[in-house]
Amino acid sequence: MEARVQSYIDAGLPKAKAESTAKNDKLASALDEIILNASITDASKNPKQGNLLLHLATTASTTPQEQLSKDDLTMLAKLVNVGSIQSLDQLNGGISHLKAGGDRSKEAVEKASGVGIIVTAEQVATHVKDYMTQSASTLAETTWANLSSAMASLKLVEDLKWASPLEIKKSLEAAFTESFGTKEEYNKANAAASKAAKAAGAAKPKAGANGAADKKGAGGDAQASTSTANAPVSNMFEEGFLAALHPVGGNPQIHDYLRQEHLKATGGLVHTRFPPEPNGYLHIGHSKAIAVNFGYAQYHKGHCYLRYDDTNPEAEEQVYIDSILDIVRWLGYEPWKITYSSDHFQKLYELAVELIKRDKAYMCHCTAEEIHENRGGADHGPRKACAHRTRPIAESLEAFEKMKQGGYKEGESAILRMKQDLNDGNPQMWDLIAYRTVKKSHHRTGNDWCIYPTYDFTHCLCDSFENITHSLCTTEFIQSRVSYEWLCDALEVYKPRQSEYGRLRLQGTFLSKRKILKLVELGLVKGWDDPRLYTLIALRRRGIPPGAILSFVNGLGVTTATTTITTARFEQAVRSYLELNTPRLMFVLKPLKLTLENVPEDYVENIEKPLHTKNASMGSNKIPLTKHLYIDASDFRTVDSKDFFRLAPGKTVGLLYASYPVTCTSFKTDEQTGEVTEVIARYEGFSTNPEEAKPAPKVKTYIQWVAQHAPSNSPVQVSETRIFKQLFKSDDPAALKDYVSDVDPDSLQVVKGAMIEVGIWDIIDSVKKSEKKEAQEQKELTSDPSEALSGGAGGGNARVRFQGLRTAYFCVDSDAKLKALQEEGHKGPSDGDELVLNWTVSLKEDKTK
Ligand code: ATP
Ligand code: MG
């Protein structure tokens with residue numbers, strides 16, 4: 001250990017980091033190997049060596065060797081050691097190059113890592129100056145609020161790829177201070193302005209549906225609607241990215257009258273939108289977008305649209321449309337209005353015609369290859385305008401009309417392109433496609449159209465039509481902001497301000513629709529809501545409350561950086577959310593008979609137990625104790641050992657909530673299999689005559705149990721308990737080409753015959769009551785009752801969730817058939833009931849993973 005730590009210190013790691021790394025076996029052995037193979041002895045040539053090598057080791061320990069071999073690691077480590085690779089960006093450049101299967105020669109790797117490219121402070125300053133001039137009009141409006149997106153834009157400049165981010169930031173801050181005064185002054189002024197704006201907002205009429213959603217609390221889900229759900233979901237709006245957004249109307253416009261109209265239309269209230277394409281089920285990443293958009297509007301007492309971005313008739317389906325709304329509501333939000341991009345097809349078409357008339361769009365007949373070549377081709381050569389770019393306006397109008405009439409075949413070279421700026425360094429300005437022919441029926445407009453607008457043409461204009469004040473999207477759209485603004489200005493319409501935040505990425509699973517579909521098709525998962533997946537319908541079915549998801553997202557905060565979180569950390573968040581507000585029941589996964597030899601056949605003890613030991617407000621319920629009990633098979637061993645604290649012959653353990661502990665006196669086994677079939681025990685201290693009863697002996701360990709008692713319908717039989725583990729064998733399946741064989745066949749275990757205490761019926765009853773109440777509230781919320789889906793905020797069976805004491809959190813699966821759940825006025829068990837449970841999350845982190 002000592003030697004290890006010393007070798008890390010020699011390699012350049014600070015002492016504390018060296019020590020903590022040495023404690024992490026997996027990481028330490030990766031680092032040892034790197035240090036050994038690259039013969040690293042000191043850090044004299046590279047002051048950042050220690051941290052860079054550690055980053056390399058971290059990457060190595062999470063990347064399969066096919067992608068990053070030992071030789072690759074050695075090469076990179078050597079480049080670090082000689083001081084060629086100096087920064088994290090450089091190292092990542094090399095790593096990505098190798099991971100993507102790039103050329104393994106030293107020259108190629110050096111090139112990919114930008115070795116030898118030195119960007120001086122002066123060069124950075126020149127680019128910053130250029131940027132300040134080019135973006136002067138935008139910057140003048142938003143000033144310091146724009147800093148992070150200015151950073152991001154500058155990082156995209158090819159020449160600055162290898163510049164130090166710190167240098168860029170320093171230079172930008174200097175330029176900002178020179179132009180707009182200091183950041184402190186700005187913060188002060190901003191705080192005062194937002195206070196004033198809030199005061200003005202509060203005087204306006206109530207914010208409609210959002211206000212009500214506010215009241216209801218995240219999820220409207222029975223157990224989530226208590227304290228935990230609402231409280232934390234506010235600070236992500238008070239700090240970081242979302243706190244720094246411009247005030248309503250603060251975004252620049254090409255004409256001042258556009259701002260005036262916008263302020264009038266919005267009444268000065270925040271207007272956001274959540275714009276999913278209805279081509280799949282939402283996943284956990286979307287919950288961040290939902291929390292950001294609906295949450296930001298709610299926080300500022302404004303409005304949030306649910307807008308289906310349905311411009312691609314090939315992939316979109318009604319099931320997705322329904323599911324998306326259902327999930328948004330499940331998360332506790334009610335859209336202010338539900339719209340579709342297709343609502344605007346006519347208007348979009350008219351604006352396309354207008355754009356041609358303004359000589360800012362043209363019909364182009366180049367093939368895809370020609371367009372690619374004209375844009376510089378694979379070698380990023382010079383860009384060329386095609387012959388169609390300068391054709392007469394009338395000709396383009398005529399060809400566009402022909403296209404609208406179906407005069408071109410799908411895939412035939414006829415598209416409408418925007419006439420932007422081929423000299424711009426940003427590819428989003430290279431005459432993007434605005435319209436193409438698609439001869440498919442659209443789920444809403446049928447066969448009305450055979451031409452459909454692209455995302456680039458549609459998104460900014462729909463935002464404009466809906467007077468969106470903050471168009472919030474993820475950072476892969478940073479480059480698109482330029483074309484977004486170009487189009488609004490070209491048509492002289494209100495120009496919303498797009499601001500980009502980092503995506504949420506989950507490591508340990510993948511969210512890609514294409515890949516999930518493949519698993520569904522191969523039968524490796526049971527559909528899109530298989531609880532091992534991270535679609536939101538899967539998480540819901542797995543019993544994760546909406547409030548847990550929102551508080552998880554909120555806890556991560558919102559910045560411009562991609563947030564990568566392991567599934568283990570997500571589960572940790574769920575666990576701590578469930579901890580305080582989930583009722584606890586006695587549950588026996590693999591029942592083993594326990595007979596109390598000194599208790600009479602007809603003896604019944606009625607035990608009142610709390611539903612939660614640390615949360616008295618959850619109340620209590622009653623369970624019987626009789627001569628015939630069941631305990632979990634894993635709580636008994638025929639041969640005792642030092643490290644085993646539960647029941648064994650001659651040993652005494654407590655029964656949770658019972659008056660006395662039990663001592664095992666004997667056991668019976670199956671003659672053929674040798675398996676234990678029954679344990680006999682003494683109920684210590686018990687006597688039928690209360691006068692003779694002795695005080696119960698003290699014990700250290702308590703186990704759970706359920707009793708056989710027909711009059712109370714105890715125990716409740718569980719047909720199936722489905723236990724889920726990580727779906728994938730590796731830690732980062734998203735990085736694998738062959739993700740299919742990474743699926744762990746043991747990730748689902750089905751256990752039949754578990755037993756649960758009768759308290760489950762009380763929980764079912766209380767869930768049913770709150771569902772009914774919410775369904776009523778939902779009806780009142782939606783102006784159009786046909787839009788109200790049954791079951792209020794939804795969640796169904798999975799809302800019945802509990803902690804199986806000493807076992808795990810569980811919920812009732814949608815496959816369960818329980819009259820008590822499905823029928824009004826029905827309580828308790830019925831013939832034909834089939835109880836199916838899902839394992840939601842374990843009680844502790846599984847350290848063996
Ligand atoms: P995917 O391809 O993963 O389904 P998408 O971006 O195509 O994602 P959309 O339905 O178009 O999905 O997304 C709707 C909104 O949700 C967009 O604003 C998008 O930026 C946002 N979003 C999608 N995935 C994430 C994520 N992982 N983190 C944060 N926001 C996301
Ligand atoms: Mg999409």
Side-chain angles (χ1 to χ4, degrees), residues 1-119 155 160-167 507 561-562 564 566 730-732 734-737:
M1 191 71 163
E2 293 278 283
R4 213 179 210 180
V5 172
Q6 190 54 48
S7 76
Y8 296 169
I9 295 176
D10 293 343
L13 273 182
K15 185 152 179 280
K17 221 168 202 172
E19 284 169 353
S20 64
T21 306
K23 283 191 199 125
N24 178 338
D25 268 350
K26 194 171 170 195
L27 189 58
S29 47
L31 186 57
D32 290 345
E33 221 179 295
I34 288 170
I35 290 179
L36 184 75
N37 291 345
S39 322
I40 290 179
T41 50
D42 66 88
S44 55
K45 296 207 188 76
N46 190 347
K48 295 207 184 119
Q49 175 169 295
N51 282 329
L52 293 174
L53 293 181
L54 185 58
H55 178 71
L56 198 54
T58 312
T59 312
S61 66
T62 53
T63 311
Q65 289 209 12
E66 305 89 81
Q67 288 178 28
L68 210 54
S69 70
K70 294 204 163 41
D71 288 348
D72 294 340
L73 294 166
T74 306
M75 171 158 30
L76 289 170
K78 282 189 168 154
L79 288 173
V80 169
N81 190 223
V82 297
S84 296
I85 290 183
Q86 294 265 6
S87 71
L88 205 59
D89 275 351
Q90 283 185 307
L91 183 56
N92 281 333
I95 292 174
S96 314
H97 169 82
L98 290 166
K99 262 177 133 173
D103 181 354
R104 258 123 176 114
S105 70
K106 188 164 168 236
E107 295 68 46
V109 175
E110 283 184 342
K111 187 161 172 242
S113 317
V115 168
I117 300 178
I118 295 164
V119 187
K155 282 293 289 170
L160 295 184
K161 197 166 161 200
W162 303 114
S164 133
L166 219 68
E167 193 59 59
Q507 190 181 324
T562 300
T564 305
T566 58
S730 76
D731 286 343
D732 195 6
L736 298 180
K737 264 206 197 92

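The structure presented is a predicted model; accordingly, all values stated were derived computationally and were not measured.
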Residues in side-chain contact (heavy atoms from CB on, under 4.5 Å) contact with A22, at least two apart in sequence or another chain: M1, R4, V5, Y8

Flag, side chain of N81 to backbone of I40, donor-acceptor distance under 3.5 Å: no

Main-chain N/O of A735 paired to Q67 side chain as donor or acceptor, under 3.5 Å: yes

N/O donor-acceptor pair under 3.5 Å between N37 side chain and D71 backbone: no

Those residues that, when tested against E66, pass salt bridge (Lys or Arg N to Asp or Glu O under 4.0 Å) (two or more places apart): none

Non-neighbouring partners of D10 that pass salt bridge (Lys or Arg N to Asp or Glu O under 4.0 Å), sequence neighbours left out: none

Which atom of K45 lies closest to which atom of V82, heavy atoms considered: CD-O, 4.0 Å

K26: salt bridge (Lys or Arg N to Asp or Glu O under 4.0 Å) partners, not counting sequence neighbours: D731

Residue pair A30 / A57: nearest heavy atoms and the distance that separates them: CB-O, 3.8 Å

N92 side chain reached by H55 side chain, heavy atoms, under 4.5 Å: yes

Test side-chain contact (heavy atoms from CB on, under 4.5 Å) applied to V115 and V109, step by step: CA-CA 9 Å; V115 168; V109 175; over 6 Å; no

Residues forming a salt bridge (Lys or Arg N to Asp or Glu O under 4.0 Å) with D103, sequence neighbours excluded: none

Atom of L56, atom of A77 and distance for their closest heavy-atom approach: CD2-N, 3.8 Å

CG on L13 to OG on S7, rounded to 0.5 Å: 9.0 Å

Lys/Arg-Asp/Glu bridge criterion (N-O < 4.0 Å) met for E19, K15: yes

Minimal non-hydrogen separation, L31 against L53, with atom names: CD1-O, 3.8 Å

Backbone N/O of S87 and side chain of Q90: donor-acceptor pair under 3.5 Å: yes

Gap between atom CG of L68 and atom OG1 of T63 - 0.5 Å precision: 5.5 Å

Any residue meeting side chain to side chain donor-acceptor pair (under 3.5 Å) with K70, in chain and number order, not counting sequence neighbours: E33

Gap separating the OG atom of S69 from the CE atom of M75, nearest 0.5 angstrom: 7.5 Å

Gap between atom CG of L76 and atom OG1 of T59 - 0.5 Å precision: 9.0 Å

Full working for side-chain contact (heavy atoms from CB on, under 4.5 Å) between T74 and I34: CA-CA 6 Å; T74 306; I34 288 170; over 6 Å; no

Minimal non-hydrogen separation, K78 against A38, with atom names: CG-CB, 3.9 Å

From I117 atom CD1 to L160 atom CG, the distance as rounded to the nearest 0.5 Å: 11.5 Å

Audit row: L79, K106, side-chain contact (heavy atoms from CB on, under 4.5 Å) steps and yes/no: CA-CA 9 Å; L79 288 173; K106 188 164 168 236; 4.1 Å; yes

Shortest non-hydrogen contact from Q49 toward D42: NE2-O, 3.0 Å

Any donor-acceptor pair under 3.5 Å from S61 side chain to T58 backbone: yes

